[in-house]
Amino acid sequence: EARWVAGRPPDGEREVRVKVRHRHEGEVGTIRATEDGGVEVQLAAPVRGVAPGQAAVFYAGDEVVGGGTIL
């Protein structure tokens, strides 16, 4: 289940920076909300150490767009 700061997911695909750890710089990628309340993430480059149970947080510039738990 993704959570969105605006209360609803963005329409269509949106380019964001995805952080998977507190000190992670983030990686550019696109997000797309799914009909089941989740989100599909496509990263521009591989990110090391991604594991189920971690949080993924989506940023547009310095603004948090949303996030969820990695399955």
Side-chain angles (χ1 to χ4, degrees):
E1 288 184 24
R3 292 167 195 80
W4 306 101
V5 173
R8 60 178 171 58
D11 295 327
E13 286 188 351
R14 179 164 183 184
E15 188 172 294
V16 294
R17 185 170 40 97
V18 181
K19 290 180 75 171
V20 296
R21 288 180 300 284
H22 172 68
R23 293 187 177 179
H24 181 231
E25 293 275 331
E27 180 59 54
V28 174
T30 57
I31 56 173
R32 183 181 60 81
T34 60
E35 290 185 19
D36 64 359
V39 62
E40 188 173 283
V41 179
Q42 177 89 32
L43 297 174
V47 174
R48 248 180 79 197
V50 177
Q54 288 178 293
V57 182
F58 316 128
Y59 291 83
D62 290 333
E63 176 186 345
V64 174
V65 175
T69 303
I70 297 170
L71 297 177

Side-chain heavy atoms nearer than 4.5 Å, only ILVMFWY residues, links allowed to pass through others: does that put Val5 and Val57 together?
yes

How far apart are the C-alpha atoms of Phe58 and Val64, what are their side-chain angles, what is the distance that settles it, and do they pass the side-chain contact (heavy atoms from CB on, under 4.5 Å) test?
CA-CA 6 Å; Phe58 316 128; Val64 174; over 6 Å; no

I want to check something: taking the side chain as every heavy atom from C-beta on, are Ile31 and Pro10 in contact at a cut-off of under 4.5 Å?
yes

Is it the case that atom CG in Asp11 sees more than 12 heavy atoms from other parts of the structure closer than 6.0 Å?
no

Does Val65 reach the side chain of Tyr59, with side-chain heavy atoms less than 4.5 Å apart?
no

What distance separates Lys19 NZ from Glu25 CD, expressed to the nearest 0.5 Å?
7.5 Å

How far apart are the closest heavy atoms of Glu27 and Ala44, and which atoms are they?
OE2-CB, 3.9 Å

To the nearest 0.5 Å, atom CD of Glu13 lies from atom CD of Glu40 at 8.0 Å

A side-chain contact here means heavy atoms from C-beta on lying under 4.5 Å apart; do His24 and Val47 qualify?
yes

For the CD atom on Gln42, are there more than 12 heavy atoms of other groups (residues, nucleotides or ligands in this structure) within a distance under 6.0 Å?
no

Joint hydrophobic cluster, Ile70 plus Val16, side-chain heavy atoms closer than 4.5 Å
yes

From Glu1 CD over to Leu71 CG, what is the distance, rounded to the nearest 0.5 angstrom?
10.0 Å

Exercise: identify the closest heavy-atom pair between Ala60 and Arg14
CB-NH2, 3.3 Å

